Amino acid sequence: MKIHTREKTIEERIQEITVRDLIEKKLKLNPEEVLVIDRQNNRILPPDYRLKDEDEIEIRMVISGG
Amino acid sequence: MKCKICGRPAVIKLPAHNIALCEKCFEEFVLRRVKNAIKTYKMFTKDDKVAVAVSGGKDSLALWDILTRLGYETGGIHIHLGIGKYSDESLQKAENFAKKINSELTVIYVRDFFGTGIPEIAKITKRKTCSVCGTIKRYLMNRFAYEKGYTVLATGHNLDDEASTLLGNLLYWKDLYLARKGPVLPSTHPKLIRKVKPLVFLTEREIAAYTILRGIDYIYEECPHAAGATSIFHKHVLNEIENYSPGTKLHFLKGFYERKNIFARLYPEETKMQHECKECGYPSSGEICGFCKLRRRVKEKLENGRETTTA
């Protein structure tokens, strides 16, 4: 699966995983601070969506300063 | 996961409200939250001409989009801060959006007033970049909103912004800031425009989701001077609490608004601007306003610098 973040793009082989588990368990992010977007159609993915290895997603950080 | 309102597939879960919503119902939810904030705090009416402070970021562009959809008469004001590529890209996003919604955008360049941009001004005056930037933005936004005939100035401050500054002010018991803080800053002088924050009931996550669903192209890059800001740390702390106990941020901020008079009572005369600046004619607490003082210092330094170089 290809994962885009603000800083970089990483490619990782994954077993099927829900958006919720990817954020909280794998990436250890606070779900209040991110959105997961399907890069193919620019849609927000809900927490129970099951991601597959061929998916390309963006982890959009939503917290800004200033 | 199904939408709690219509039963279609949901795209977002909102634990603070104990609901999941589909795209359409989420958009309606956002519009309702803003409508509700405007009504609850009597921010403005359909008779007002609303200036939207547009940075090119998600909050200000979402705000402009929402107010336009709700049928308010709006126009944007953008300040080009002179922070390199970041400022140029921010302006581009603001201009593109103004074109998209066919609305007027007033662009003001900091360098037209100071001869240079924010980073250099901060260096010359030995002040923190964010503090200088705040002083300049507040002044220019008010002045141009007034000169352009707007009756109210709306900013994109959201629930996370407001709750995190509240936390910071409480941690250090900044009574004066607490006295001034609120969703509406009333006009206390004919040349001081009323300021309002219609996004106070929406989190950053909700606003970001709205911009994605609406296809709003905003500047995703963070201001290079915001890195390591205490306000971001306070946001993380509050989000930890929010994740553990959904709804806390909203409860915290609303509770403060209900009790804010406790602090306002400590400074009954504070919010009154008694003078007009002798240089620019805009409201000031002293004879010369903070903006003009800053301009003088920068002008002197830049002129001295030029003399030294040419000598």
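Since the structure is predicted, the reported quantities are computational estimates derived from the model, not experimental observations. In what follows, chains are A, B, ... by sequence order, proteins preceding strands, each numbered from 1.
Ranked by heavy-atom pairs under 4.5 Å with chain A, the list G57(B), A208(B), P246(B), P15(B) is led by A208(B). Of the listed residues (L45(A), I63(A), V34(A), N42(A)), the one with the most heavy-atom contacts under 4.5 Å to chain B is I63(A). Contact count versus chain A (heavy atoms, under 4.5 Å) is highest, among K13(B), H225(B), E23(B), E204(B), for E204(B). Counting heavy-atom pairs under 4.5 Å between each of C133(B), C223(B), A16(B), A209(B) and chain A puts A209(B) at the top.
Within a 6.0 Å radius of OH in Y177(B), other residues, nucleotides and ligands contribute 12 heavy atoms or fewer. Around the CZ atom of R43(A), the shell of radius 6.0 Å holds no more than 12 heavy atoms that belong to other residues, nucleotides or ligands. Other residues, nucleotides and ligands contribute only 12 or fewer heavy atoms inside 6.0 Å of the CZ atom of F233(B). Counting non-hydrogen atoms of neighbouring residues, nucleotides and ligands closer than 6.0 angstrom, the CD atom of Q15(A) reaches no more than 12 such neighbours. Counting non-hydrogen atoms of other residues, nucleotides and ligands closer than 6.0 Å to NZ of K52(A) gives a total above 12. Under a cut-off of 6.0 angstrom, the local environment of NZ in K100(B) is crowded, with over 12 non-hydrogen atoms contributed by other residues, nucleotides or ligands.
For D48(A) (side chain) and M1(B) (main-chain N/O), a donor-acceptor pair under 3.5 Å exists by modelled atom type.
In this structure, no portion of E206(B) lies under 4.5 Å from any heavy atom of chain A. Only the side chain of Y218(B) comes within less than 4.5 Å of a heavy atom of chain A; its backbone N, CA, C and O stay farther away. In this structure, chain B has heavy atoms under 4.5 Å from both the backbone and the side chain of R60(A). Both the backbone and the side chain of H236(B) have a heavy atom closer than 4.5 Å to some heavy atom of chain A. Using a 4.5 Å cut-off between heavy atoms, A10(B) touches chain A through its backbone atoms (N, CA, C, O) alone. Only the side chain of E58(A) comes within contact range of chain B, judged by heavy atoms closer than 4.5 Å. Using a 4.5 Å cut-off between heavy atoms, K249(B) contacts chain A through its side chain alone, with no backbone atom that close. In this structure, no portion of V19(A) lies under 4.5 Å from any heavy atom of chain B.
When every heavy atom of E32(A) is checked against every heavy atom of E242(B), the shortest pair comes out as CD-CG, 3.8 Å. Of all the heavy atoms in P31(A) and N243(B), the pair that sits closest is CG-OD1, 3.4 Å. The shortest heavy-atom contact between D59(B) and S64(A) is OD2-OG, 4.3 Å.
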*Step-by-step side-chain contact (heavy atoms from CB on, under 4.5 Å) determination, M61(A) to E222(B)*: CA-CA 11 Å; M61(A) 302 304 294; E222(B) 194 55 275; over 6 Å; no
_Working for side-chain contact (heavy atoms from CB on, under 4.5 Å), residues V62(A) and T203(B)_ = CA-CA 9 Å; V62(A) 299; T203(B) 65; over 6 Å; no
*Let me see the working for R6(A) and E221(B) under salt bridge (charged side-chain N to carboxylate O under 4.0 Å, His left out), right down to the final yes or no.*
CA-CA 8 Å; R6(A) 183 151 45 194; E221(B) 292 306 309; 6.0 Å; no
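Note that CG of N30(A) and CG of N239(B) are 5.0 Å apart. Values are rounded to the nearest 0.5 Å.
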